[in-house]
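Working notes, beginning with the structure itself.
Hydrogens, waters and symmetry mates play no part in the numbers below; they use all other heavy atoms, side chains included.
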Amino acid sequence: MEISEEDPSPGLAAGRVGAASIAFLGLAAAAPIVTLVTVVPAVLADGAGPLVPWSFAAAGLLLLLFCGAQSAMIRRYPSAGAAYSQVVKGLGRPAGMAAAWLAIAGYHAIQFGLYALAGVTAAPLAQSLLGRSVPWWAVAAACWAVVALCGTMRIEVAAGVIGLFAVAQVAVLAGIGAANVLQPFGDRVTAESIRIADWTVLDRPAIGLLLAVAVLAFTGFESTAGYAEEGFQPRRSAGLGGSLAVLLIALLLGGLSWSMLVAAGPDRTAVVAEVRGADLLFDLAADRLAPWAVTLGRFMLLAGVVAAVLSLHQVITRYLFALGRERVLPAVLGNVRRRTAAPRAASVTQSLIAGSTLAGAYLAGADPGPRTARWLIVGGVLSILLVLLLVAVAALLHLNRIPGPERAWGRFVAPVLSTVSLGVVAVLAFRDLPALLDMPAGYPLVRAIPGCLLGCVLLAAGHALLLRALRPVRYAGIGLAGAAVVITPSSPPTPPTPAAAHAEPGAPRIPRQRDPGAHRPERITTRRSPGPE
C-alpha cells in the first residue's frame, strides 16, 4: 500500500522547541535591528532624546502585562491558531475569525514591507563588495528562495536557523552598544543621556505618538503563541517564550537607543540624527570600530530582515494550518508531512502567495523603497495591534467567566491593565496615523489603512456567518483545534417552549459560546443548552 507524504490525521509534533527557541522566533519576527535603523534615528531627530529609551522600557512593561494574560490562555488552550483560538474562547466565533483574518493580513503586510526593505539594506553591501548596484527584485527573490526552502523544514531546524541569525544579531548589537558607551561623546557618560531635564515635554501630544511607536516596534513577539503545540511543554513553553522575547526586545531597543544618545552627545543627538538619518547606528559605530565591524553590522541588518521574513512565514503558516485543520479554509492546509510533522501544504501556500505578489510587483514596474516599506509595515502592525487588543479582551472575559487555577493577577488584574493600555495605544496610533506614515492627514493612504482593516473585519464576520448558515457543523468546530464535533439527537423539551414550537424538527442548533461546555467538543442539538444570555 502506498503511503502518502501528506497526512491529515496527526497534528503538529509536540516536544520540538523549547522556550528559548520560541523566544528567539519572537525576537526575529520583531526585527529590533530594523527598528534601530529605520525608526529610532527619525524619532531622535524630532528631539525625543532620553524619552526614547524610557518609552521602550514602558512599552516592555505594558506588553509583559499582555503576556501574563496570553500565557493563561495558552495554558488552557495550546493551539497553533494562537490569537484566533484564544479570541474564539472569549468573544465568540465571528470575533475569532476576525482575529485570524487581521493576523494573516497584518503579517503578510509586514512581510511584504520587509521584502521591500531587503533591497535597500543590501544596496550598500553590494556597492562596497561588488562595486555595482543590485536591483530590489533580485534581493527579494533570493530572500524568498531562502524562506521557501526553510519554511518546509522541521520546526526545530527552522528555529535553529532563525535562532542563529537572532543570536548573531544580538551579539553584533551588543558590541556596537558597548563601543558607544565605552567611547562616549566628550569622553564621559552624563546623566542628561537618561534624565529628562524638561518635564514639560511630557505634556506634548508627541508623547502619545512616541509610546505608540514604541509598542508597535515590539510587533512580532506575540507570534510565539503559535508554537504552543510544538513546545517541550505545550502549556508553558510558548507563554514563557513570549515573555522572554519581550524582555530581550526591550533590552536591545532601550539599551541601543540609550547608547546612541551617549555616543552622539545628549545635547546634539537631534542634529546628528537629522544629518546622518538611517545610517546613524553604523556611522556612530564607524567612529569607534574597525571597518569590518561596520560591514558586519550591515550584514546583520540584512540577516535580520531575512530572519524576520522567515519567522513571519512560520507564524502565517500555522494560522493557515489551524484554519485548514478546522476546515474553515480548504482542508488541505491542515495536512502535515508525515516524516517531519511540518505543515508543508500551508507553508507552500504562503510561499506561493508571497512569490506571486513579488512577481506581480516586478511585472508592474514597481520600485519599492523605504517609504513603501514604511507604509506596508505600519499598516501591518496596526492590524496586529487590533489582534492584541482582541486577545486581551477575550482573556479578561473567558478567564473570569470560566474560573480556573489562575490567581487574581493572571485572571483579572493583568487582563484589565493590558486591555486598557492596549486600547489607549490603539487610539493614539490611529489618531496619529498621518505622523506614523509621514503623510498629510488628507492623503488617501491615511484613510485607506483603517478602511482596509474595517473591510477585513467585515469580510471575516461574513465568512463566519456564511459558515453558520451553510456548514453548521464546521462552524461549531471553530476554535476546537480539530477536535471532533458530535451531533446527537435531542429529546423534545419538556414543557415545550414557544421558540421550540416554531423550530423545525430535527434541525441542528449551534451552542452559544457562553453555554456550559461550548469551549469543549460540542454537541449540536435541537434546543439550546441552558446558560446565561
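R93 places a side-chain N or O within 3.5 Å of a backbone atom of Y475 that can act as its donor or acceptor partner. Here the side chain of K89 pairs a donor or acceptor atom with the backbone of G479 at under 3.5 angstrom. In terms of modelled atom types and a separation under 3.5 Å, the side chain of S71 and the main chain of C67 share a donor-acceptor contact.
Residue pairs meeting the salt bridge (Lys or Arg N to Asp or Glu O under 4.0 Å) criterion with at least one partner in residues 143-153, sequence neighbours excluded, are absent. For residues 312-322, every residue pair satisfying the salt bridge (Lys or Arg N to Asp or Glu O under 4.0 Å) rule, not counting sequence neighbours, is listed here: E230-R318. Annotation: salt bridge (Lys or Arg N to Asp or Glu O under 4.0 Å) contacts involving residues 16-28, sequence neighbours excluded, comprise R16-E156. Listed by first and then second residue, the salt bridge (Lys or Arg N to Asp or Glu O under 4.0 Å) pairs involving residues 97-114 amount to none (not counting sequence neighbours). A side-chain hydrogen bond (donor to acceptor under 3.5 Å, both in side chains) check over residues 210-227, counting only residues at least two apart or in different chains, returns the pairs Y107-E222. Residue pairs meeting the side-chain hydrogen bond (donor to acceptor under 3.5 Å, both in side chains) criterion with at least one partner in residues 233-250, sequence neighbours excluded, do not occur; the list is empty.
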**Item:** Worked verdict on L433 versus L382 for side-chain contact (heavy atoms from CB on, under 4.5 Å)
**Value:** CA-CA 10 Å; L433 185 56; L382 287 176; 3.4 Å; yes
**Request:** Might you work through the side-chain contact (heavy atoms from CB on, under 4.5 Å) test for F412 and L396, ending with a clear yes or no?
**Result:** CA-CA 6 Å; F412 182 76; L396 174 63; 4.0 Å; yes
**Prompt:** Should L216 and V39 be marked as a side-chain contact (heavy atoms from CB on, under 4.5 Å) after you check the CA-CA gap, both sets of side-chain angles, and the distance that decides it?
**Reply:** CA-CA 11 Å; L216 298 181; V39 176; over 6 Å; no
**Request:** Give the C-alpha distance, both sets of side-chain angles, the deciding distance and a yes or no for side-chain contact (heavy atoms from CB on, under 4.5 Å) between L211 and V424.
**Result:** CA-CA 10 Å; L211 179 60; V424 170; 5.7 Å; no
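When the side chain to side chain donor-acceptor pair (under 3.5 Å) test is applied to S347, the partners found at least two apart in sequence or on another chain are H313. In this structure, S21 has no side chain to side chain donor-acceptor pair (under 3.5 Å) partners at least two apart in sequence or on a different chain. For the salt bridge (charged side-chain N to carboxylate O under 4.0 Å, His left out) test, residues two or more places apart in sequence or in another chain that qualify with R76 are E406. By the side chain to side chain donor-acceptor pair (under 3.5 Å) test, H108 pairs with Q350, sequence neighbours left out. Partners of Q169 under the side chain to side chain donor-acceptor pair (under 3.5 Å) rule, at least two apart in sequence or in another chain, do not exist in this structure. Residues satisfying the salt bridge (charged side-chain N to carboxylate O under 4.0 Å, His left out) test with R471, not counting sequence neighbours, are none.
Counting only heavy atoms from C-beta outward, the side chains of M439 and L445 approach each other to under 4.5 Å. At a threshold of 4.5 Å between non-hydrogen side-chain atoms, the residues L399 and M73 count as touching. P343 is listed as a side-chain neighbour of L12, based on a closest heavy-atom distance under 4.5 Å. Counting only heavy atoms from C-beta outward, the side chains of L480 and Y77 never approach each other to under 4.5 Å. Residues V215 and L388 form no side-chain contact, since every pair of their non-hydrogen atoms from C-beta on lies 4.5 Å or further apart. Counting heavy atoms from C-beta outward, V161 and F165 have side chains that approach closer than 4.5 Å. Using a 4.5 Å cut-off on side-chain heavy atoms (C-beta onward), Y443 and P434 make no contact. Between C143 and V309, the closest side-chain pair of non-hydrogen atoms is not below 4.5 Å.
Across L390 and L91, no two heavy atoms sit closer than the pair O-CD1, 3.8 Å. Among all heavy-atom pairs drawn from V425 and A212, the shortest one is CG1-CA, 4.1 Å. Across every non-hydrogen atom of L436 and R374, the tightest pair is O-NE, 2.8 Å. Minimum heavy-atom separation, V391 to A83: CG2-CB, 3.5 Å. The two atoms that bring V328 and M97 nearest to each other are CG1-CE, 3.4 Å, heavy atoms only. Nearest approach of S79 to E229, heavy atoms of both residues: CA-OE2, 3.3 Å.
At most 12 heavy atoms of other shown residues, nucleotides or ligands fall within 6.0 angstrom of atom CZ in R327. Within a 6.0 Å radius of CZ in F430, other residues, nucleotides and ligands contribute more than 12 heavy atoms.
Taking CG of L253 as the start and CG of L248 as the end, the distance is 10.5 Å to the nearest 0.5 Å. Annotation: the span from L102 atom CG to L389 atom CG amounts to 11.0 Å, rounded to 0.5 Å. Atom-to-atom distance recorded for I104:CD1 and L320:CG is 5.0 Å, nearest 0.5 angstrom. Considering CG of L312 and CZ of F112, their distance stands at 11.0 Å, rounded to 0.5 Å. Distance CG/L27 to OG/S311: 9.0 Å, rounded to 0.5 Å. Atom CZ of R401 is separated from atom CZ of R411 by 14.0 Å, given to the nearest 0.5 angstrom.
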